Amino acid sequence: SHGRADVALIMYQLGRYTRQTFPHSFDLIPLGGTVGDPRPAAGNFISKAYLVKIRGRWSPRQLAARRDLIEAFASRAFTQILNRYGLQRP
């Protein structure tokens, strides 16, 4: 209690997971809305986007792996994993 704080802007999901894992060490302070219902400030947004980039030429195996990864992220099973940790899709 020295009247100071370490502050970092991080992804919402990472912050929420960190707070749940170390509840006595971290606080979440929303920059808009509430912790449970974040409302981004003007000029910011919540989106769902996937970016999987491998430099160079893509082999058929790499293309298949990229497709499988995107399908896994969009799956019901992955949604359940997120929910287990108190996370929700945007």
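Everything numeric in this text was worked out from a predicted model, so none of it was measured.
- Cluster annotation: Tyr17 is connected to Leu82 through the hydrophobic network of ILVMFWY side chains, with a link wherever side-chain heavy atoms come within less than 4.5 Å.
- Between the side chain of Arg19 and the backbone N or O of Asp27, no donor-acceptor pair lies under 3.5 Å.
- The line from CG of Leu69 to CZ of Phe78 is 9.0 Å long, rounded to the nearest 0.5 Å.
- Within the model, atoms CZ of Phe73 and OG1 of Thr79 stand 11.5 Å from one another, a figure rounded to the nearest 0.5 Å.
- Side-chain contact between Glu71 and Arg67 is present, with heavy atoms from C-beta onward closer than 4.5 Å.
- With hydrogens and angles disregarded, a donor-acceptor distance shorter than 3.5 Å links the side chain of Gln62 to the backbone of Ser59.
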For Ile70 and Arg66: C-alpha separation, side-chain torsions, deciding distance, then whether side chain to side chain contact (heavy atoms under 4.5 Å, CB included) applies. CA-CA 6 Å; Ile70 291 170; Arg66 179 183 66 170; 4.0 Å; yes

